[in-house]
Amino acid sequence: MTGIVQREFPELLSSRTKEEKKSLPDLPDVGNGGVVMRMAPSPSGPLHIGHARMAILNDEYLRRYGGKLILRIEDTNPSNIEPDAYQMIQDDLRWLGVNFTEVVIQSKRFELYYSEMRKLIEEGKAYVSTSPTEEFKSRKQQGLPVREREETPEENLERWERMLSGGYEKGEVYAVVKTDLNHPNPAIRDFIAFRIIDTPHPLEGDRYRIYPMMNFSVAIDDHFLGLTHVIRGKDHIANTEKQKYIFGYRGWKQPYYLHYGKVSIENTILKTTFIKKGIRNGDFTGWDDPRLGTLAAFRKRGFDPLAIRRYYVESGIGSVDTTFSWEIFYSFNRKIIDSRSPRHFFVSQPVSLKFDFEGTLNADIPLFPQASGNAEKGSRRYKVGKGSIMISSQDYAKLNGELVRLKDLGYFKVESSRIEYLGESINEDVQKWNPNRPLGKVPIIHWLSGNEVPFRVVKPDGTVDSGFVENDALNYIGMVHQFERYGYVNVLNEREGYFTHP
RNA sequence: GCUCCGGUGGUGUAGACCGGCCAAGCAUAUGGGGCUCUCAAUCCCACGACCCGGGUCCAAAUCCCGGCCGGAGCACCA
C-alpha cells in the first residue's frame, strides 16, 4: 500500500515529510522578550566538538525566540587557565556561526560574589569553617554538621571578614553554603562556595585570593544575568540541585533547566591538558592538529560549520548518552561541500608507466561535474604525449594486463611497465584487448602525465599520503577539493593538504 | 557502596511527559537500479529495531514492579 502511494503519488509523501522536518522541541515559558541564555565554558583551551553541542543548542533557541545569549567565561580556577583561550573561544564560536550577544568574565565579578556570600552568612544560610576537610566530608556522609555550621551568623561573619582580609593560609579555611544535611544524595549536602588560591590569575594577578567555586558563582550569575533557560550537560544535574538552594534562600525565580546527555567522541583527542602537553613537546603541530577534536582542527580539515549544526540539531536535546557518529557527520558535510569542491586528480604512491606514443592526446577535464550546477566554471586542459603516465599503485595492482579507461583521455592497456593507447572510443583494438568484459564495466581511473607537482595529504590519524597532484589544483589553494576516487582534501598550500573525509 | 538518569534497526535519532492514528518515522550504512567518462553528488527500490521477565488495561515502545546493561554525581575542577 505505501509502496503504491510512493510510486503513484510521491508528492503526497514528500510534502508531508517537509512539514515535519526535524527541529528541536519548544522551550516552556518563553515570554515576549524571548529567552536569555548562556554558554559557560572554562578558558582552559579552545572549544572542541563536544562543546559545540552546547553552543549550537543555545544558538538554535536564540534564533527561534530572540533575546540574549551570553558567553560567560568561567575563569575561577587560575591553575587551569590558558590565557589564549579567552580569544580562541570567541573565534571558535564565530566560526560556528553562534551569535553571542555579550561576553561576561567571571573574574571581573568577584566583588558581587563576595557581597552575595555575605548576605547568605548574615541570614544563617552559609558558614565559614576551619575544620579539616576530611572531617567536613566524613560528617557530611553521616548527615552531621561541623562545629561552625552551628555557630551564629556573627561568628561566621567574623571569620568571613578575616578570610577576605588575608587572616588565613591556603587550605586552612573554606566557606560553605548550607543545603540539607539529610539530603538522600550525599552529593547534594552542604557545598563549598569559596576557598583560598594563591596561584596568580592570568587576568587579575594576585588581586584576589578568595575564589568562588563554580556552584556559587554560577548560581549568582545565572540570577543577576537574568537567565530564563539554562541548557547544560547532564553531568551538571547534581550541581543544578545545589544551585537551587541559593535561589531558594534569596527568593529568586529559577531559570528553566534542561540537561542533555553526554556525547562521547571515539578515536578523537579532546582532553585539553593532554593536548597542551603534546603541543609543548612537539607531538602535535598545534591546537589544529588533524588528530584533535578541536574546532580549530575541524576548520583546518575543511569541515563546514553548518554540518556541525545539522548534526547536533538532529541529535536533539535528549538526556540519553550518545556516541558521535563520524559516519553521519561526514555524510552531512559531504552534501554541503560536494557541489563547490573542484575536482582534481591526486595519485598517491604513484607507479610511472612508460608511454610510447607518436602524437598528442588532448584532455579536457571538467572542474565540476555537470550535476553540481557549476559545470560552466570550466575545465583543466592537458596535452599528453610520449613520455610517461602515472597511476596509483593501488590501481596498478588490479589493472596490470587489463583494459582501462583513463578518465577523460581514452582507452588504454596496461602491460607490466608500459601503457598503450588504444583509442578514444570503442574500436577494434579495444574490443580485441577486452574480449569478455562488458565494455560498460571497464574501470575508469585517474592519472597524471607531465602536469603534476609533488603533494602530500595529512590524514586524521596523523599519517601522510605522498604523491602528486595536478598543477591546476594549486590555483585553488584554501579550498576543499575532491581528489577524484580518493576523497575530499582541504588544500592548505602548494605542497600540502588536510584530508577532510572520504 | 550511596544518589540520580537512561536503554528503539549495524550506526545516529523521532515517538514515551498526556497508552490507541506506531505491524514504529527520519538519517546514515549496506545491497540493487537510474543519471554520470570519479568509488562523489543526486534520484528510486530493498534491507533491518522497541534490553529481559512479570503486571495494569479492551489496548503498552509509551504506565507500574523486578532483573540485566550503560552513564553521571558523591573535589578547596568546571
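These numbers come from a predicted model, not from an experiment. Chain letters run A, B, ... following the sequence lines, proteins first and then strands; every chain starts at 1.
A/Gln482 CD to A/Leu367 CG: the interatomic distance, rounded to the nearest 0.5 Å, is 11.5 Å.
Comparing A/Ser325 and A/Pro184 against RNA chain B, the residue whose closest nucleotide sits nearer the 5' end is A/Pro184. Heavy-atom distances to RNA chain B give each of A/Ile188 and A/Asp408 a nearest nucleotide, and the one nearer the 5′ end belongs to A/Ile188.
Contact annotation for A/Asp395: base contact, defined as any heavy-atom pair under 4.0 Å involving a base atom. Heavy atoms of A/Gln394 sit nowhere under 4.0 angstrom from any nucleic acid atom. Across all strands, A/Tyr486 comes closer than 4.0 Å to no nucleic acid atom at all (heavy-atom distances). Within the nucleic acid shown, A/Lys407 comes within 4.0 Å of at least one base atom, counting heavy atoms only. Residue-level contact check: A/Thr323 touches the backbone only, with heavy atoms under 4.0 Å from sugar-phosphate atoms and none from bases. Residue contacts shown for A/Pro369 include a base, since a base heavy atom lies under 4.0 Å away.
B/rG70 atom P lies 15 Å from atom CD of A/Glu266, rounded to whole Å. Taking atom CH2 of residue A/Trp447 and atom C1' of nucleotide B/rU38, one finds them 14 Å apart after rounding to whole Å. Rounded to whole Å, atom P of B/rG12 lies 13 Å from atom OH of A/Tyr312. For A/Glu314 and B/rG15, the CD to P distance is 12 Å, given to the nearest whole Å. B/rG6 atom P lies 18 Å from atom OH of A/Tyr260, rounded to whole Å. Across the protein-nucleic acid pair, A/Asn333 atom CG and B/rA40 atom C1' stand 13 Å apart, rounded to whole Å. Rounded to whole Å, the distance from OH on A/Tyr311 to P on B/rU11 is 13 Å. Counting to the nearest Å, the C1' atom of B/rA14 and the CZ atom of A/Arg310 are 19 Å from each other.
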Under the ring-ring contact (aromatic ring centres under 6.0 Å, His included) rule, what do A/Tyr174 and A/Phe136 come out as? Steps first, then yes or no, please.
CA-CA 10 Å; A/Tyr174 47 91; A/Phe136 173 68; 5.3 Å; yes
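B/rG19 and B/rC63 have their P atoms separated by 9 Å, with the value rounded to a whole Å. Comparing B/rG20 with B/rA60, their P atoms are spaced 11 Å from each other, to the whole Å. Nucleotides B/rA75 and B/rU3 place their P atoms 16 Å apart, quoted to the nearest Å. A distance of about 13 Å separates the P atoms of B/rU11 and B/rC50, rounded to the whole Å. Here, B/rA61 and B/rC52 have their P atoms 11 Å apart, quoted to the whole Å. Nucleotides B/rU36 and B/rA41, compared at atom C1', are 10 Å apart to the nearest Å. The gap from the P atom of B/rC77 to that of B/rG15 amounts to 39 Å, rounded to the nearest Å. B/rU8 and B/rC22 have their C1' atoms separated by 12 Å, given to the nearest Å.
Partner assigned to B/rA29 is none, using Watson-Crick or G-U wobble distances below 3.5 angstrom. Base-pair partner of B/rC2: B/rG73 (Watson-Crick or G-U wobble, both distances under 3.5 Å). Under the Watson-Crick or G-U wobble criterion, with both distances below 3.5 Å, B/rU42 is paired with B/rG34. In this entry B/rG20 has B/rC58 as its Watson-Crick or G-U wobble partner, both defining distances falling under 3.5 Å. With a 3.5 Å ceiling on both atom-pair distances, B/rA78 lacks any Watson-Crick or G-U wobble partner. Within the shown strands, B/rC52 is the pairing partner of B/rG66 under the Watson-Crick or G-U definition, both distances less than 3.5 Å.
Here A/Tyr61 pairs with nothing under the ring pair (Phe, Tyr, Trp, His ring centres under 6.0 Å) rule; sequence neighbours left out.
Looking at A/Val469 and A/Leu448, their side chains never come closer than 4.5 Å, going by heavy atoms from C-beta outward. Under the 4.5 Å side-chain criterion, counting only non-hydrogen atoms from C-beta, A/Phe412 is not in contact with A/Leu422. Side-chain contact between A/Arg343 and A/His481: absent, with no pair of heavy atoms (C-beta onward) separated by less than 4.5 Å. Counting heavy atoms from C-beta outward, A/Glu74 and A/Gln106 have side chains that approach closer than 4.5 Å. The shortest distance between side-chain heavy atoms of A/Val218 and A/Gln243 falls below 4.5 Å.
Cation-pi contact between A/Arg380 and A/Phe345: present, with separation from the ring centre below 6.0 Å and deviation from the ring axis of at most 45°.
For A/Lys262 and B/rG71, the shortest distance from a side-chain N or O to OP1 or OP2 is not below 4.0 Å.
In the model, A/Asp221 has a side-chain atom that pairs as donor or acceptor with a side-chain atom of A/Tyr113 under 3.5 Å. Donor-acceptor pairing under 3.5 Å is recorded for the side chains of A/Ser79 and A/Asn77.
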Under a 4.0 Å heavy-atom criterion, the protein footprint on nucleotides 73-78 of chain B, written with B, S and -, is BSSBSB
Using the 3.5 Å cut-off, write out each protein N or O paired with an N or O of nucleotides 29-35 of chain B and the distance between them.
residue : atom : partner  : partner atom : Å
B/rA29  : O4'  : A/Glu327 : OE2          : 3.2

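With respect to A/His344, the ring pair (Phe, Tyr, Trp, His ring centres under 6.0 Å) criterion is satisfied by exactly one of A/Tyr476, A/Phe455, A/Phe483: A/Tyr476.
Considering only the side chain of A/Ala371, B/rA41 comes nearest among B/rC5, B/rC37, B/rA41.
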